[in-house]
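All chains are named by letter (A, B, ...) in the order of the sequence lines, taking the proteins before the strands, and each is independently numbered beginning at 1.
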There are 2 protein chains.
Amino acid sequence: MTVTLADVAARAQVSPATVSRVLNGNYPVAASTRDRVLKAVDELDYVLNGPASALAAATSDLVGILVNDIADPFFGIMASAIQAEIGGPGGRAGGERLAVVCNTGGSPERELTYLTLLQRQRAAAVVLTGGAIEDAAHQAAMDTKVRKLADAGTRVVLCGRPPAPETGAIALTFDNRGGGQKLTEHLIGLGHRRLGYIAGPEERTTTRHRLEGHRAALAAHGIEEDPRWTVHGRYDRRSGYEATLELLRRDPSLTAVVAANDSVALGACAALRDSGLRIPEDVSVAGFDDLPFSIDAVPALTTVRLPLAEAGARAGRIAMGREEAPPGGIASVRGELMVRGSSGVPRVS
Amino acid sequence: MTVTLADVAARAQVSPATVSRVLNGNYPVAASTRDRVLKAVDELDYVLNGPASALAAATSDLVGILVNDIADPFFGIMASAIQAEIGGPGGRAGGERLAVVCNTGGSPERELTYLTLLQRQRAAAVVLTGGAIEDAAHQAAMDTKVRKLADAGTRVVLCGRPPAPETGAIALTFDNRGGGQKLTEHLIGLGHRRLGYIAGPEERTTTRHRLEGHRAALAAHGIEEDPRWTVHGRYDRRSGYEATLELLRRDPSLTAVVAANDSVALGACAALRDSGLRIPEDVSVAGFDDLPFSIDAVPALTTVRLPLAEAGARAGRIAMGREEAPPGGIASVRGELMVRGSSGVPRVS
DNA sequence: TCATGTATAGAAAGCGCTTGCTGTACCGCT
DNA sequence: AGCGGTACAGCAAGCGCTTTCTATACATGA
């Protein structure tokens, strides 16, 4: 048998109520009694029964963090920052919380199911990271679920995700559109006129916004876009490699390749090199996110830095009620253009 | 008020017991009754109360995954693989489980506290990943805790971590020593005799084992090691950069740098390049782990591939009782030497 | 001295679910 | 017809904790 509150109470010669109060520290208990109780807890090696406690108190110390792909540093960095603020053990005050990272793998069903599971656990808060899936039915289902969670007292924060109005969720959105635009404008400024674009998976807000920014920049400079210049893929290196070969096949005269993110850009670099093209002399490459490894690419990657850790930390604090929500419940977080070696003046054609 | 089992029961005109049985599907219920119950569940939008359920059933559907640094793909990849097997939502049979990833940040206290938290939640299983901390007191504390968890029925699996005998935990250990040895032997085979080594943080089993392998290779070939050739650092790029500069300062005649892992190796490459040295013509570089980005380094990194995803998947299956534990509860997983462009024949001195 | 606080401890009623045991039909068999 | 079986469904006793309300013991001020 495991040790229960009652056992501790018996040993300390007090009532279970007193033990509970000592453990929760939310009610005056005489110092001498407290010591006796703590001693008993220690001697019996007592561990609180989480479910029982959650049931009785109607609250839990679980905080959920939903990510699309935990193996991707983009999410890893955010999750890490969020978790650090949630406290987990080692967190500052306020009782220990269990921050749980849930990997949706980008699947709508899993996203929803995880939300239900967290709702079931009566999670104290939930942070949803990464772009949303653009499917009307799924969006609606998510919104309903989020609203339900919020109504049940769970604080919901969207980090790097578009706002979900009317759901009671707080949103910290990345300005993907603006970032994409700045990036492409930088390339145009260098003289590029024929730019390939490797977009992420369709039906994702992140994909769409970055692409929109890119197109806005082109439009602003009177560059007419050739439909052959855009290829969709996944957010990984492999995809970038293949998409680049495809782009090259469609139009070998491209002087720049803009990728949906840094991993894709790395794949693009590899494909270009394997095709005998130099970066940036023959083709410039640009990424997005500025993940740690981007600076190690050769040449170092020109990209848009997203303050992942900062945004995550803020989301975590908001989730814990330790920081005020932004006005209107929505804040936009901008990216910073990082110009590095992978972008340069195009060769004269 | 939230909807309870009783509400559903009332609506379906059955007893709460029946509703519970329908939901758990572990007891015969007439098809017509089941349908009525499910309909009521649906109409009322009922969500099971996790804590209450866990309390009554004395089991929970939580599975904990402890990682040192979730922002590091090394752990991200393992966690992802483990979680995929745990099932989480979308997992195959056996009721949905909530796989929770806990970030210890390499801190002994947090490691312990997370274990307590999971114990508190009566987790169904716990997977501990990554090297252990080599501190007698902490080791003992961990072992006791693990034993307690195991005794309480929580399945504990160590993935990429040294075995903890007598604790009831199952271990899938990486053969870091063997990998380190193979790697250094490869360099020696190329003709290197003056090899710098950038080790990880001290007091970590992973660090020690890899270093031991390296030294074993040196010893096997009669190479006497110069104490100046080893520098300790952290497992990140930055650390690799700095350590390399230090190594170069101590002995500019080194012809190879072996790093504790790939991130460190990348930092080393950057430092070498910044010092005007070519890779591998002037100095060869080798990493460890073979993370996805390693192949994108220029030149691609020679390293030891650890089957992170495979090991994680296996650990996950074992944790779920879906795969038999290895004989003796211990299995060693070997790494594979990946020879790539970053290592070559040393320049003639 | 007696009413009135003030501080601390206990009794007990749940929290919402699971499950062992106890019915109650209805079946087929002798 | 009478009996053992089988298939469902319900009763009710908890699971281990929190928390409201009540009780006790002093200390206090009038």
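When the side-chain nitrogen and oxygen atoms of A/Ser20 are compared with OP1 and OP2 of D/dT18, one or more of them lie within a distance under 4.0 Å. Contact between the side-chain N/O atoms of A/Asn49 and the OP1/OP2 oxygens of D/dC15 is not found at any separation under 4.0 Å. OP1 or OP2 of D/dA9 has at least one side-chain nitrogen or oxygen of B/Thr33 nearer than 4.0 Å. Using a 4.0 Å cut-off, no side-chain N or O of A/Asn26 falls inside it from OP1 or OP2 of D/dT18. Residue A/Ser15 places at least one side-chain N or O closer than 4.0 Å to OP1 or OP2 of C/dG10. A close approach under 4.0 Å does occur between a side-chain nitrogen or oxygen of A/Ser53 and OP1 or OP2 of D/dT18.
In this structure a side-chain-to-backbone donor-acceptor pair under 3.5 Å is present from A/Asp7 to A/Thr4. Between the side chain of B/Arg322 and the backbone N or O of B/Glu85 there is at least one donor-acceptor pair closer than 3.5 Å.
The side chain of A/Thr18 lies closest to C/dA9 when the candidates are C/dG16, D/dG16, C/dA9. Here C/dT18 is the nucleotide among C/dT18, D/dG16, D/dT18 with the atom lying nearest to any side-chain atom of B/Asn24. Comparing atom distances between the B/Leu55 side chain and each of D/dC8, C/dC17, D/dG16 picks out D/dG16 as nearest.
Here A/Ile65 contributes atom CD1 and A/Asn103 contributes atom CG; the two are 12.0 Å apart, rounded to the nearest 0.5 Å. The distance from the CG atom of B/Asp45 to the NZ atom of A/Lys145 is 6.5 Å, given to the nearest 0.5 Å. Atoms CZ and CD1, from A/Arg155 and A/Ile170 in turn, are 7.5 Å apart once rounded to the nearest 0.5 Å.
Spacing between atom CD of B/Gln13 and atom C1' of D/dA9 amounts to 14 Å, rounded to whole angstrom units. As rounded to whole Å, 13 Å separates atom C1' of D/dG16 from atom CD of B/Gln121. When the C1' atom of D/dA12 is taken as reference, atom CG of B/Leu5 falls 15 Å away, rounded to whole Å. Look at CG on B/Asp7: it is 10 Å from C1' on C/dG16, rounded to the nearest Å. Per the geometry, CG belonging to A/Leu48 stands 16 Å off P belonging to D/dC15, to the nearest Å. B/Asp35 has its CG atom 11 Å from the P atom of D/dA9, to the nearest Å.
Counting non-hydrogen atoms under 4.0 angstrom, B/Ala17 reaches a base of the nucleic acid.
With hydrogens and angles ignored, a donor-acceptor pair under 3.5 angstrom links the side chain of A/Arg21 to the base of D/dT20. Residue side chain B/Tyr27 does not reach the base of D/dA7 through any donor-acceptor N/O pair under 3.5 Å, judged by distance alone.
When the C1' atoms of four end pairs are superposed on the next four at each end of the helix from C/dT1-D/dA30 to C/dT30-D/dA1, using five pairs per end, the two resulting axes differ in direction by 40°, to 10°.
The existence of a salt bridge linking A/Asp151 and A/Arg147 is confirmed by a sub-4.0 Å separation between a basic side-chain nitrogen and an acidic carboxylate oxygen.
For the residue pair A/Ser15/A/Thr18, the side-chain donor-acceptor check at 3.5 Å is satisfied.
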